[in-house]
Amino acid sequence: MPSNDHQKLRQAVNRPLVLVGMMGAGKTHVGRLLAAALDLPFHDMDGLIEEKAGMSIPEIFGTYGEEKFRDAESNTLRELLEQGPSIVSTGGGVILRSENLQRIKNGSVMIWLDAPIEILWERLKDNKTRPLLHTADPKGTLMQLLQTRKEFYEQAHVHCKIGGEAAESVLANLINILSETLNSDTFQGN
Ligand code: S3P
């Protein structure tokens, strides 16, 4: 049962809350917790794309290539943003297409889960499910990706910095920031 604070925040949510940030930032895990706390539907974009394709993300990249994956990503985002309030966790590269970034900025509350590179690397180094990191120097690749994407993540309405804390602490912090942002008179959401 949501607490009073959660209920007040829920009432202020009139559009999707979209989590963006690098792979390994915890968008799916924190997104699920946020959805439960606010009693909102949860959508994991990568999961939906995998379900539709009937194959995993590495298989989609391997069979059809990144551009086709990006097409599916853009279509899935458009569909989800038409559905009213929910929590949406995106794949880290969704902001690469400017149409996606504009759509997120104009049609949702864009939340950047911002984790430092060492934490991202710690979580990703033994994980083989990220095709973009299947390179000779995956840590270097990760750093480069962050470097080129940062300017897009920085356009988020809400900036939630993450250290090495548990997802529950990230959630509590995020709820505080969201409450301040959405209950402020000046939040326009664009
Ligand atoms: C990608 C991130 C992945 C997934 C795909 C591409 C990226 O999602 O969409 O491997 O470009 O950063 P997560 O951010 O959930 O790992």
Side-chain angles (χ1 to χ4, degrees), residues 16-35 41-81 86-105 108-156 158-162 164 167 170-171 174:
L17 304 185
V18 174
L19 295 163
V20 304
M22 288 292 285
M23 43 188 133
K27 300 178 297 281
T28 304
H29 191 176
V30 173
R32 257 185 230 292
L33 295 178
L34 183 61
F42 173 69
H43 304 291
D44 172 43
M45 282 187 39
D46 281 348
L48 289 170
I49 293 167
E50 288 182 322
E51 241 172 64
K52 263 193 218 165
M55 53 178 94
S56 68
I57 300 286
E59 284 168 343
I60 297 172
F61 270 68
T63 309
Y64 300 109
E66 180 173 351
E67 276 313 292
K68 287 280 179 224
F69 169 78
R70 298 292 174 206
D71 289 343
E73 190 172 49
S74 300
N75 291 337
T76 306
L77 177 71
R78 205 179 46 245
E79 284 164 20
L80 289 175
L81 291 188
S86 71
I87 310 297
V88 177
S89 83
T90 61
V94 73
I95 41 64
L96 292 173
R97 288 195 177 175
S98 63
E99 63 168 280
N100 292 348
L101 180 59
Q102 286 316 316
R103 210 165 250 141
I104 295 172
K105 283 170 67 176
S108 81
V109 180
M110 177 177 174
I111 302 166
W112 176 23
L113 289 192
D114 176 17
I117 200 85
E118 287 308 328
I119 287 182
L120 298 175
W121 178 241
E122 205 41 48
R123 292 177 182 171
L124 293 167
K125 66 180 184 200
D126 298 321
N127 185 299
K128 296 287 170 248
T129 62
R130 305 319 202 281
L132 293 182
L133 298 184
H134 296 172
T135 65
D137 173 19
K139 188 175 181 189
T141 305
L142 186 68
M143 289 164 82
Q144 258 174 7
L145 289 174
L146 176 56
Q147 193 64 28
T148 51
R149 293 172 176 187
K150 208 167 175 220
E151 64 175 298
F152 305 122
Y153 296 142
E154 281 171 349
Q155 297 181 39
V158 172
H159 184 182
C160 182
K161 279 194 172 220
I162 296 174
V170 176
L171 176 71
L174 178 55

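We count residues from 1, following the sequence as given. When a ligand or atom number is given, it counts from 1 through the structure's own listing order.
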*asked:* My understanding is that only residues two or more places apart in sequence, or in another chain, count here; which of them pass ring pair (Phe, Tyr, Trp, His ring centres under 6.0 Å) with Phe42?
replied: none

*Using a cut-off of 6.0 Å, state whether more than 12 heavy atoms not belonging to Gln102 lie near its atom CD.*
yes

*Should we count CD of Gln147 as having more than 12 external heavy atoms under 6.0 Å?*
no

*asked:* Suppose we screen for side-chain contact (heavy atoms from CB on, under 4.5 Å). Which residues come up paired with Thr135, at least two apart in sequence or across chains?
replied: Pro138, Thr141

*Ala156: partners by side-chain contact (heavy atoms from CB on, under 4.5 Å), with sequence neighbours left out*: Met110, Trp112

_Checking Arg130 against Leu142 for the side-chain contact (heavy atoms from CB on, under 4.5 Å) test, could you report, in this order, the C-alpha distance in whole Å, the side-chain angles of both residues, the deciding distance, and whether it holds?_
CA-CA 10 Å; Arg130 305 319 202 281; Leu142 186 68; over 6 Å; no

*Return the protein residues near ligand 1 (heavy atom under 4.0 Å from any of its atoms), ordered by chain and residue number.*
Met23, Lys27, Asp46, Ile57, Phe69, Arg70, Gly91, Gly92, Gly93, Arg130, Pro131, Leu132, Arg149

